[in-house]
Structure formats: C-alpha cells, structure tokens
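Here the structure comes first, spelled out in structure tokens, and everything after it is commentary.
Predicted, not measured: the structure shown is a model, and the values here were computed from it.
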Amino acid sequence: MERYQDSKLYRIRHSTAHVMAQAVLEKFPQAKIAIGPPIEDGFYYDFDLPRPLTDEDLAGIEARMRDIIREGHDFVRKEVSADEARALFHDQPYKLELIDGLERGGVDEYGEKTDEAPVISTYTQDSFEDLCRGPHVANTREINPDALSITFKAPAGAYWRGDENREMLTRIYGTAWETAEQLEEYLALLEEARKRDHRVIGQQLGLFTFSQLVGKGLPLWKPNGAILRDLLERFLREVQIERGYEPVITPHIARVALYEKSGHYPYYKDSQYSPFEVEGDLFMLKPMNCPHHIHVYKDDLHSYRDLPMRMAEFGTVYRYEKSGELHGLTRVRGFTQDDAHIFCTPEQLEDEFVGVIDLVESILNGLGLNDRRARVGIRDPQSDKYVGSDEVWEQAAQAIIAAATRKGLDFTVEEGEAAFYGPKLDFIVRDALKREWQISTIQVDYNLPARFELEYVGEDNERHQPIMIHRALYGSMERFVAVLIEHYAGAFPAWLAPVQVALIPVADRHIAYAQDVANILHSKGLRVQVDDSNGRVGGKIRAATQQKIPWMLVVGDRDAASSTVSVRLRSGEDLGAQPVLAFADLATRLVESKSLELA
RNA sequence: GCCUACGUAGCUCAGUUGGCAGAGCACGCCCUUGGUAAGGGCGAGGUCAUGGGUUCAAAUCCCAUCGUAGGCUCCA
C-alpha cells in the first residue's frame with residue numbers, strides 16, 4: 001500500500017496549506033508564519049497574528065483560497081543556500097530559526113533530529129514563497145476547491161515547536177480531499193462522532209455528571225452509570241477468580257516515603273497532588289496501586305510453591321491533570337484502575353504473560369471490541385527517564401516479544417512507549433468509527449521487586465527475586481466506559497443496559513398487568529421499568545427508544561387476555577406478541593450469555 | 001497551565017442600539033384511555049456562572065474568579 005507521505009492527497013493537503021498561508025498573509029501582511037504540514041485528514045498552518053481570528057476572517061480566507069486555486073498557479077521549487085534563505089525570509093523570525101536548524105544539520109522543521117543532508121529549498125506559488133522541502137502538486141488547479149474546508153475547527157492555540165515555554169501561535173486547521181464526496185463523507189463522520197460523544201450521551205442517559213462544587217475532573221456516577229460500571233467490574237472479578245487472581249483492598253492515601261522508595265515520586269512529580277502533613281509525617285493521595293500491592297506481598301515469606309501470586313484490585317488513584325487537559329470521562333483527576341500485579345518466577349514469566357494476553361482477548365472480544373492492534377513499548381534510547389539496567393530492560397522486552405509472538409499477535413515495536421520501570425504491551429482498540437483508544441496494558445517489571453527487595457524461597461532453599469507483571473484490562477473504568485458509550489452510541493448490549501426492559505401499558509387500566517409482568521421479569525433478574533406516565537403508546541415508545549432500552553413490551557387488552565407481551569426492539573424491529581415466559585427465557589438467555597444480539 | 005470562544009429554567013436554546021426575563025422539551029395538576037417514535041389545557045420553575053466596576057438603568061459594556069468547549073503540552 002502506498003504510504004500517505006507519497007500520496008497525491010498528501011501533496012494536495014501540503015499545497016493547500018501553502019495556499020492558506022498566502023491568503024492569510026494577504027489579509028495580515030504583518031503576520032509571521034511558522035510551519036504548515038499535512039496531517040491525518042487535513043493540514044494546518046501556524047501563524048503569529050496581530051489579533052484573534054473571527055469566523056468572518058476564516059470565511060474570507062477560505063473564499064480567497066478558492067480564488068487562488070482557480071487562478072492556476074504553478075508550484076516552483078528552488079534550492080537555495082542558507083544565506084540566500086535568510087535573505088528571503090529576513091522578516092520571518094520562525095523561518096530564520098528553521099534555517100539555522102537546517103544549516104547546522106540535524107534538526108528538521110518540527111525540531112526533531114534528522115540524519116538527512118541539509119538541502120534548503122523553497123516552493124513558490126503566485127506571490128507566496130515558503131521555506132519547504134515539499135513535495136507539492138505541480139499547479140494549484142490540482143486542488144479541488146469544492147473539497148476543502150477550513151471552518152471545521154475553530155482557530156486554535158499551539159506552542160511554537162510544541163514547547164510550552166515558547167511562543168503561543170494561532171493554528172488554523174483545514175481539511176482537503178480529492179473530491180467533494182470525500183469531504184462530505186468526512187464531515188458526516190465528524191458529525192457522527194459528535195453525536196456519539198460520551199459526554200452528550202452520558203447526560204442523555206443519566207450515566208454521570210460533574211459538579212462545579214465537587215470539583216472539575218471528578219465524575220459523579222449516577223445510578224444508571226453506576227449499574228453499567230458495576231456490571232463491568234463484576235464481569236471481570238468473576239473471570240479473574242476463575243483464573244486464579246485474588247482480590248486485595250488497599251487505602252487511598254499513603255506516606256510519601258512509600259513512593260520515594262518505589263521511585264515513583266520523582267518521575268510522577270508533575271502529576272501528583274501536593275503531600276499533606278499528618279502528625280508530622282507527609283502523606284499523599286495514591287497515584288498508583290503497585291507499591292501497596294507490593295507490601296501485601298512482603299507481609300509473608302513466599303515459597304516458589306506460592307507463585308505465581310496474582311493480586312487484583314479496582315484501585316482508585318488520583319493524578320493531577322492540568323485543567324486544560326480534562327475531558328469528560330477520558331481525562332479525569334480521580335479514576336479507578338482494574339489493576340492487578342502478578343508476582344512470579346523467571347520460569348513462569350512467559351506463561352503468565354501469555355495468560356494475561358488470553359484474558360485481555362477474551363474480555364475485549366466479549367464486549368465486541370474485536371478490532372484492535374498491539375504495541376510493544378520499549379525505551380526511548382535518547383531519554384534518561386528510566387530506571388534499571390540495560391540487561392534487565394532487554395530481558396523484559398524479549399519476554400514480552402516472545403509471549404506476543406507465541407500468541408500470534410500482530411504487533412509493532414515502538415520506542416518511547418515504555419513505562420519508566422519497564423517495557424509494556426498495550427492493546428489499542430478501534431471503535432465503531434475506527435478511532436483508536438489505548439485500553440489494556442501489560443508491563444514487565446524487574447525494578448520494583450529489586451527496589452523493595454522482594455523475595456521468594458526457591459527449590460534450592462535460596463532467596464530469589466520474583467518478577468512483577470503489572471496489568472490493567474479496562475485501563476480505567478472511567479475511560480473504558482467512555483469508549484463503550486462511544487462505540488455503542490449508548491445502545492449497550494442488553495446485559496450492560498441500565499434498564500433492559502420498558503413496559504408500556506396501552507392505557508391506565510393495563511398498568512396493573514404491566515406491573516405483574518415487570519415483577520415476573522424482575523424475579524428473573526432483569527432490570528425493568530414500567531412507563532405509567534400519562535401518554536400514548538407512541539410517546540412511550542419514543543421515550544424508551546431515546547433511552548436506548550433494548551426491549552420494549554407493549555401491553556394492552558389483547559396481551560392481558562392471553563398473558564402475552566408485544567415485543568419491540570430499540571432498533572424498531574417488531575417481534576410481535578409472545579407469551580411472557582417465552583420472552584423472559586429469551587431475554588435472560590441473551591443477558592446471561594452476554595450476547596450482543598437482542599433476538 | 002497556555003491560546004481562543006462560550007456560561008440565560010433540570011435539558012436544548014431565543015433575547016434587537018443598555019430600558020419589565022422568553023420558547024420548546026422535561027416536571028406537577030386537569031382533560032383525554034389512546035396498540036408501536038411527540039394528544040390537549042393549565043401551572044410551577046431563573047440572584048441571566050460568581051464577585052466587583054461603568055451607568056439614571058446591565059443578561060447585554062469593562063475587570064477578576066469559577067466552569068465548559070476546541071487546540072497546544074501531557075496522559076489510564
């Protein structure tokens with residue numbers, strides 16, 4: 001398959017970014033230009049502008065872009081020396097900084113190190129010349145003026161070179177396609193994503209809320225949301241017990257000394273809450289569960305016969321997130337991890353790791369999250385933010401790759417994606433709209449066992465150090481529920497639906513019968529709601545459909561007379577009249593099997 | 001945290017150049033008892049996010065704070 005960077009679409013977007021820069025410079029001749037690359041689905045260009053942009057500005061810029069495109073200008077490439085480039089861009093400070101980087105060699109326009117020879121080139125179309133390595137289309141006519149849009153995102157702030165200590169620029173995003181139909185499709189996908197937004201659906205379905213007085217980033221789970229979350233927790237608890245995990249429970253605060261010993265303290269400084277003093281000693285909210293679990297392990301002297309020991313806890317942790325980073329349930333300041341730590345011998349490591357992969361696959365498959373990829377995260381060789389020796393890191397990475405290979409996983413290996421104490425295997429799921437979410441993570445750790453001097457007595461009657469596997473399947477309950485909401489657009493599988501059955505009496509005189517049916521279904525373990533409001537069938541159907549309730553049972557004279565219910569699915573499908581017990585059997589069977597089907 | 005925009009009833013939103021605070025949905029009561037996506041009427045509900053300021057007069061203009069959205073940076 002052709003790489004995006006080699007595609008015509010990439011060149012179109014890159015060229016459109018230049019056209020946009022020309023239009024912006026025509027409107028604001030004093031503007032300073034930074035960089036403007038193609039990105040997934042579009043492009044952007046960063047500017048230092050004399051004033052904030054308005055919607056009218058954007059509309060004017062977009063209109064001017066169409067004119068420039070229609071005028072049919074060639075893109076002309078020119079190679080220049082560093083000094084010639086400096087002369088060309090003498091009044092463009094960001095370009096001068098880029099030229100310095102190129103001349104020294106080794107730094108590209110994003111500030112990343114590069115091995116390429118520093119050839120400096122410019123591209124010119126019409127009146128606009130930009131420092132750029134290309135590639136571009138030959139002529140602006142290759143851009144379809146009906147397939148671009150710069151108004152789909154508000155103008156945005158962005159730091160120069162992504163560095164929060166540098167200048168804040170104005171970034172204008174745009175999207176460009178080869179045809180108007182592709183643009184339409186893309187905009188429709190954005191619209192669909194907007195409708196599935198878990199924050200919107202969460203409110204509509206009464207799943208969770210936030211309170212200004214409680215504090216930002218601190219979700220309040222309402223009854224419907226708590227049911228959903230509790231079901232997910234119970235599901236995993238049961239499966240974990242089958243697989244030999246043991247539940248543990250640990251507190252939400254601990255002495256700072258614990259995290260100093262674990263080594264987390266310096267690494268997590270920016271994401272921890274300030275310590276507080278209790279009787280002269282410093283404590284803090286726990287940002288992770290592992291040190292606590294380690295002390296559960298350390299309370300006993302373990303034989304190799306005890307291992308592997310698998311400790312699991314839905315552990316709530318607190319991490320400081322800058323206010324601008326908070327987002328619904330996906331970025332919060334207090335969240336619950338479905339955390340577990342496996343303590344094992346070196347011989348057991350690979351089997352244990354494979355066992356966790358099995359567990360991940362069965363849980364995610366069971367929830368309909370079948371589309372996913374795996375990523376082995378190893379150290380960034382440039383960085384010094386990791387603890388432990390090279391041998392130990394190599395050993396851990398090899399164990400992960402061996403286990404992933406044995407499971408036949410399709411995985412990539414990516415530098416810089418490791419935890420600070422060890423390499424990891426992450427599972428990234430794609431939801432119904434093909435968006436990626438990092439969910440499950442499995443990490444191999446030789447470092448914490450060493451720091452805490454963990455031991456077990458081997459067959460040889462000598463003390464040995466166990467290895468730890470850290471793992472979370474859902475990741476955090478908050479983020480996972482958000483992903484499920486967006487994946488299912490709120491229409492959860494029946495076993496997870498907060499209300500599974502809506503009983504809809506045709507008239508008031510059928511409420512008693514509806515209540516009888518509800519009692520029968522409730523006694524079978526189904527979550528049932530009787531709509532006894534003063535409305536007509538149509539209105540009640542509408543209300544239940546909007547709440548994404550899987551089964552609607554309309555009951556009137558005919559049903560009361562024959563002990564039946566008329567079954568309608570939230571999809572609109574009508575299953576007709578069925579005996580109450582037949583429906584109860586159907587529903588309980590689908591719920592118990594965690595089926596994704598409603599019939 | 002930084003850039004930009006926005007905060008009006010439980011929800012979604014109107015509110016003109018500064019001049020009596022509005023609608024729909026939801027909620028309560030009444031009428032209606034209706035068989036598969038909105039039956040009708042009446043009613044209650046707001047310190048216009050909060051605190052200052054300008055003005056005869058502020059939802060409207062200015063400042064600060066809090067919150068939200070998009071983006072940057074960072075992440076489960």
Are any non-hydrogen side-chain atoms of [X] and [Y] less than 4.5 angstrom apart?
X         : Y         : value
Leu359(A) : Arg471(A) : yes
Leu473(A) : Phe480(A) : no
Phe314(A) : Leu236(A) : yes
Tyr488(A) : Lys548(A) : no
Lys32(A)  : Pro93(A)  : yes
Leu364(A) : Ser440(A) : yes

For [N], the Watson-Crick or wobble counterpart (both distances under 3.5 Å):
N      : result
U54(B) : none
G43(B) : C27(B)
C72(B) : G1(B)
U36(B) : none
G7(B)  : C66(B)
G22(B) : C13(B)
C48(B) : none

Inset, instruction - May I ask you to verify if any side-chain N or O of Tyr173(A) is less than 4.0 angstrom from the OP1 or OP2 atom of C72(B)? - result: yes

Legend entry - Base C75(B) paired with Arg479(A) side chain (donor-acceptor, <3.5 Å): yes

Inset, instruction - Look at the side chain of Arg331(A) and the base of C74(B), then say whether one donor and one acceptor between them are separated by less than 3.5 Å. - result: yes

Inset, instruction - Show the numbers, then the answer: is there a side-chain contact (heavy atoms from CB on, under 4.5 Å) between Leu448(A) and His470(A)? - result: CA-CA 11 Å; Leu448(A) 289 180; His470(A) 306 245; 3.7 Å; yes

When rounded to the nearest Å, what value does the distance between [atom1] atoms of [N] and [M] take?
N      : M      : atom1 : result
U17(B) : C62(B) : P     : 15 Å
A69(B) : C30(B) : P     : 41 Å
G24(B) : G45(B) : C1'   : 15 Å
A23(B) : C61(B) : C1'   : 27 Å
G28(B) : U65(B) : P     : 42 Å
U68(B) : C29(B) : C1'   : 36 Å
U16(B) : A21(B) : C1'   : 15 Å
A14(B) : G46(B) : C1'   : 15 Å

Inset, instruction - May I ask you to say what Gln438(A) touches in the nucleic acid, namely base, sugar-phosphate or nothing, with a heavy-atom cut-off under 4.0 Å? - result: sugar-phosphate

Inset, instruction - Using a 4.0 Å heavy-atom cut-off across all strands, classify Val332(A) as base, sugar-phosphate, or nothing. - result: base

Legend entry - Residue met sooner reading RNA chain B from 5', once Tyr474(A) and Leu169(A) are mapped to nucleotides: Leu169(A)

Inset, instruction - Would you mind telling me which residue lines up with the more 5' stretch of RNA chain B, Thr170(A) or Ala158(A), judged by nearest nucleotide? - result: Thr170(A)

Legend entry - Heavy-atom neighbours of Glu597(A) CD exceed 12 at 6.0 Å: no

Inset, instruction - Tell me, yes or no, whether the heavy-atom count around Gln30(A) atom CD, taken from other residues, nucleotides or ligands under 6.0 Å, exceeds 12. - result: yes

Inset, instruction - Apply side-chain contact (heavy atoms from CB on, under 4.5 Å) to the pair Leu496(A) and Phe235(A), showing each step before the final yes or no. - result: CA-CA 10 Å; Leu496(A) 285 173; Phe235(A) 173 38; over 6 Å; no

Legend entry - SB check Arg166(A) Glu97(A) (cutoff 4.0 Å): yes

Close N/O contacts between protein and nucleotides 11-15 of chain B (under 3.5 Å):
{"residue": "C11(B)", "atom": "O3'", "partner": "Gln203(A)", "partner atom": "OE1", "Å": "3.3"}
{"residue": "C11(B)", "atom": "O3'", "partner": "Gln203(A)", "partner atom": "NE2", "Å": "3.4"}

Legend entry - Phe43(A) and Tyr45(A): CA distance, side-chain angles, deciding distance, ring-ring contact (aromatic ring centres under 6.0 Å, His included) verdict: CA-CA 7 Å; Phe43(A) 58 89; Tyr45(A) 211 111; 9.1 Å; no

Can you check the [X] [atom1] to [N] [atom2] distance for me, whole Å?
X         : N      : atom1 : atom2 : answer
His470(A) : A76(B) : NE2   : P     : 13 Å
Leu58(A)  : G71(B) : CG    : C1'   : 13 Å
Asp197(A) : G70(B) : CG    : C1'   : 12 Å
Phe314(A) : A76(B) : CZ    : P     : 19 Å

Inset, instruction - Give, ordered by number, those residues of residues 421-436 of chain A having at least one heavy-atom distance below 4.0 Å to an atom of RNA chain B; if nothing qualifies, reply none. - result: none

Inset, instruction - Report yes if the ring of Phe335(A) lies under 5.5 Å from the six-membered base ring of A76(B) with planes under 30°, and no otherwise. - result: yes

Atom pairs, N/O to N/O, protein against nucleotides 66-68 of chain B, distance under 3.5 Å?
{"residue": "C66(B)", "atom": "O2'", "partner": "Gln212(A)", "partner atom": "NE2", "Å": "2.9"}
{"residue": "G67(B)", "atom": "OP2", "partner": "Lys216(A)", "partner atom": "NZ", "Å": "3.0"}

Counting only pairs under 3.5 Å, give me each side-chain donor-acceptor contact of residues 200-226 of chain A, with atom names and distances, residues two or more places apart or in other chains.
{"residue": "Ser211(A)", "atom": "OG", "partner": "Leu213(A)", "partner atom": "N", "Å": "3.1"}
{"residue": "Ser211(A)", "atom": "OG", "partner": "Val214(A)", "partner atom": "N", "Å": "3.1"}
{"residue": "Asn224(A)", "atom": "ND2", "partner": "Leu205(A)", "partner atom": "O", "Å": "3.1"}

Inset, instruction - Could you encode protein contacts along nucleotides 32-43 of chain B as a string, one character per nucleotide from 5' to 3', using B for base contact, S for sugar-phosphate-only contact and - for no contact, with a heavy-atom cut-off of under 4.0 Å? - result: BBBBBBBB----

Inset, instruction - Taking salt bridge (Lys or Arg N to Asp or Glu O under 4.0 Å) as the test, write out the residues that go with Asp197(A), two or more places apart. - result: Arg199(A)

